[in-house]
Amino acid sequence: MASVPGSGRDSFTSKFGIIAATAGSAIGLGNIWRFPYVAGENGGGAFLFLYLAFVMAIGIVVMLSEFVIGRSAQRNTVGAFLKLAPGKPWFLIGIMGVSAAFMILAFYAAVAGWTLEYLYQSVVNGFAGKSPDELGEMFTAFREGSWRPILWFLIFMVLTASIVISGIQKGIEKYTKILMPLLLVILVILSIRSLTLPGAGEGLRFLFKPDFSKITSRAVLVALGQALFSLSIGMGTLITYGSYIRKNDNLATTVISVSLADTFIAILAGVAIFPAVFAFGIDPAAEEGLVFITLPGIFQKMAGGCIFAPLFFILLAVAALTSTISMLEVVVAYFVEELKMTRRKATIISAVLISILGLFAAGSWGWFENMTLLGNNVFGLLNFTTINILLPVGGFFIVLFVGWFMGKKAVKAEISNEGSLKARFRIVFVFLVRFIAPIAIAIVFLNGLGIIRF
Ligand code: PFF
């Protein structure tokens with residue numbers, strides 16, 4: 001990162017740097033681990049349809065709104081609202097965002113830890129000769145274990161903090177440039193192998209053939225939450241990253257590239273997973289274990305699987321890492337700019353606090369299995385409430401802020417780079433951000449929680 005002249009703040013140094021960092025944040029376990037299993041639990045093709053509709057009608061709008069807020073304020077998530085709306089309660093949206101980042105990171109890093117365990121297992125050939133059932137048992141046994149899930153989780157938190165502490169991009173920008181395309185290549189190879197398994201067609205039908213009778217109002221809310229989560233929006237991550245974007249970079253094209261890339265990877269993950277799920281006779285609603293049970297099964301049936309498996313889990317861990325650093329950055333930027341801490345102190349304090357909460361998430365099937373509320377463990381509670389409640393509420397207020405509070409002139413100046421871009425889509429954006437996005441989010445949210453009935 002370099003400094004914006006005169007501002008004293010860091011900024012991305014290139015167009016590619018912005019896309020790499022934003023796509024790095026967006027593409028992660030949400031696409032490869034979470035999308036397949038929530039789609040599996042919520043109706044397959046019909047869920048995919050809703051997810052795509054939400055990305056287009058709401059996701060893109062919220063993402064551009066976050067960039068507009070972040071770049072015009074040049075501040076962290078809380079500071080941005082304090083600066084743009086002084087003396088008004090809008091900063092509470094920022095506080096909610098920082099809290100969401102905190103809670104999401106706590107359970108997300110636990111799953112990232114699982115990828116490290118699976119990397120280890122693939123190196124020591126731990127999947128060899130195991131049937132799909134045995135792979136399922138292996139996953140359960142690992143997760144219920146006492147030390148391992150916790151240890152890997154803590155290692156992942158240390159990795160995340162050690163990158164954030166040194167001011168983000170330098171190393172990560174360089175590596176993501178190579179590693180993300182490589183992840184894509186492996187995912188394509190995996191999809192091809194999965195598609196050529198006997199009985200694969202049923203999986204494709206499950207993923208692409210919408211059966212709307214399976215859609216409940218809860219599933220609609222879950223699809224919205226997944227769309228927001230996957231794009232890293234609704235909690236101010238992209239307000240924070242937006243504040244590092246230079247004034248002459250084009251916000252709208254960045255939003256489009258990142259949304260397309262993110263959606264493509266999620267669908268590709270579905271194409272890799274579902275044919276194999278049906279071919280191996282795994283339950284498509286196998287919850288958080290789905291990917292960790294299915295993929296090792298595919299690797300076993302592949303020539304060169306023992307090389308592809310470790311490579312894949314390294315890349316998955318890296319994809320997770322480029323997401324966890326963006327979450328931690330939300331909290332750290334807030335601590336640094338609003339609470340006036342040094343970057344070092346802010347990183348250490350926030351990482352330690354998040355790790356404490358994360359211990360309960362990582363140990364949700366082991367040490368802390370008895371800590372439950374209404375039948376949900378800590379991991380499940382964090383996973384459901386942050387994504388399906390905090391992100392939609394955050395997204396709602398973010399579009400309201402840009403649509404109704406910021407003023408048309410300020411928004412126009414930001415998306416047209418002070419008039420130097422034509423930004424003809426502006427009229428459509430204004431319509432979506434003022435009416436469609438907030439109304440759609442409100443309806444889906446209230447309906448999904450059973451507060452109103454459609
Ligand atoms: N978008 C990330 C993923 O799909 O894995 C998850 C994520 C990252 C959510 C950053 C929120 C965030 F701020």
Side-chain angles (χ1 to χ4, degrees), residues 20-39 51 54-55 59-60 62-63 66-67 70 76-77 93-94 96-115 156 160 163-164 168 172 176 180 183 187 222-244 255 258-270 288 291 315-334 350 354 382-395 398:
T22 313
S25 170
I27 298 169
L29 298 171
N31 306 62
I32 295 166
W33 159 74
R34 198 174 190 273
F35 172 76
Y37 92 79
V38 290
Y51 169 78
F54 289 146
V55 168
I60 288 178
V62 179
M63 195 188 274
E66 290 202 15
F67 275 169
N76 65 88
T77 305
I93 306 306
M96 197 178 82
V98 172
S99 319
F102 192 99
M103 291 189 275
I104 291 181
L105 182 50
F107 79 83
Y108 193 94
V111 183
W114 303 350
T115 67
F156 209 91
T160 305
I163 291 170
V164 171
I168 354 172
I172 274 291
T176 39
M180 292 311 240
L183 179 69
L187 216 46
V222 172
L224 173 64
Q226 175 62 23
L228 300 175
F229 176 71
S230 188
L231 295 171
S232 303
I233 52 184
M235 51 186 259
T237 302
L238 299 189
I239 294 181
T240 308
Y241 271 21
S243 74
Y244 304 134
V255 167
V258 171
S259 314
L260 282 176
D262 187 67
T263 308
F264 182 67
I265 298 276
I267 295 179
L268 199 58
E288 302 94 355
V291 169
L315 296 172
L316 190 56
V318 172
L321 190 60
T322 54
S323 299
T324 52
I325 59 172
S326 72
M327 294 176 212
L328 188 56
E329 179 64 16
V330 172
V331 185
V332 169
Y334 165 64
S350 51
I354 292 167
L382 288 172
N383 186 347
F384 185 88
T385 47
T386 53
I387 296 176
N388 299 311
I389 296 178
L390 295 186
L391 298 189
V393 172
I398 285 165

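Everything quoted here is computed from the prediction, not taken from an experiment. Computation of the quantities below employed the complete heavy-atom set of this structure, encompassing side-chain atoms and omitting hydrogens, waters and symmetry-equivalent molecules. We number each residue from 1, following the sequence as shown. Read the numbers this way: they start at 1 and go in the same order the structure lists the ligands and their atoms.
Closest approach of T160 to T324, counting heavy atoms only: OG1-OG1, 3.0 Å.
Side chains of Y241 and E329 form a contact here, defined as non-hydrogen atoms less than 4.5 Å apart. Here the side chains of N76 and S243 are not in contact, with every heavy-atom distance at 4.5 Å or above. A heavy-atom distance below 4.5 Å is found between the side chains of T115 and L29.
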Could you pull out the N/O contacts under 3.5 angstrom between ligand 1 and the surrounding protein atoms?
unit_1	atom_1	unit_2	atom_2	d
ligand 1	1 (N)	S25	O	3.2
ligand 1	1 (N)	A26	O	2.9
ligand 1	1 (N)	F229	O	2.8
ligand 1	1 (N)	S230	O	3.0
ligand 1	1 (N)	S232	OG	3.0
ligand 1	4 (O)	A26	O	2.9
ligand 1	4 (O)	G30	N	3.4
ligand 1	4 (O)	N31	OD1	3.2
ligand 1	5 (O)	L29	N	3.1
ligand 1	5 (O)	G30	N	2.7
ligand 1	5 (O)	Y108	OH	2.5

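A distance of 7.0 Å separates OG in S232 from CG in D262, rounded to the nearest 0.5 Å.
Evaluated for a side-chain contact (heavy atoms from CB on, under 4.5 Å) with F264, the options I267, L260, L268 yield exactly one hit, L268.
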